[in-house]
Amino acid sequence: MGLASATIIGKDATTADAMSTAAFVLGPETGLKVIEKTPAVEGLLMTSKGEIIESSGLSKYLQPTV
């Protein structure tokens with residue numbers, strides 16, 4: 001199972017772009033591990049089957065919908 005999408009929040013656009021490419025290539029499990037080990041980076045990954053995987057700190061950037 002691979003990724004359909006990798007969305008990254010990082011300190012700058014270059015970091016976010018590099019991390020999203022790395023996560024996409026590495027796949028969901030290894031990609032998430034790399035995201036979790038990288039300071040100031042959070043991510044949302046969507047698998048090719050539609051499963052959503054969030055990094056542990058992503059929720060601080062999300063707002064609830066009404």
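Positions are given from 1, in the same order as the sequence printed here. Values below: every heavy atom of this structure, side chains too, minus hydrogens, waters and symmetry copies.
Annotation for Asp17 and Ser20: closest pair O-OG, 3.0 Å, computed over non-hydrogen atoms. The shortest non-hydrogen separation linking Ala16 to Gly10 is CB-N, 4.2 Å. Between Lys37 and Pro39, the closest heavy-atom pair is O-CD, 3.5 Å.
If you chain together ILVMFWY residues whose side-chain heavy atoms come under 4.5 Å of each other, Ile8 ends up grouped with Leu3, Met19, Phe24, Leu26, Leu32, Val34, Ile35, Val41, Leu45, Ile53.
A donor-acceptor contact shorter than 3.5 Å is absent between the side chain of Ser55 and the backbone of Glu42. Of the possible donor and acceptor atoms, none in the side chain of Glu54 sits under 3.5 Å from a partner among the backbone N and O of Ser59.
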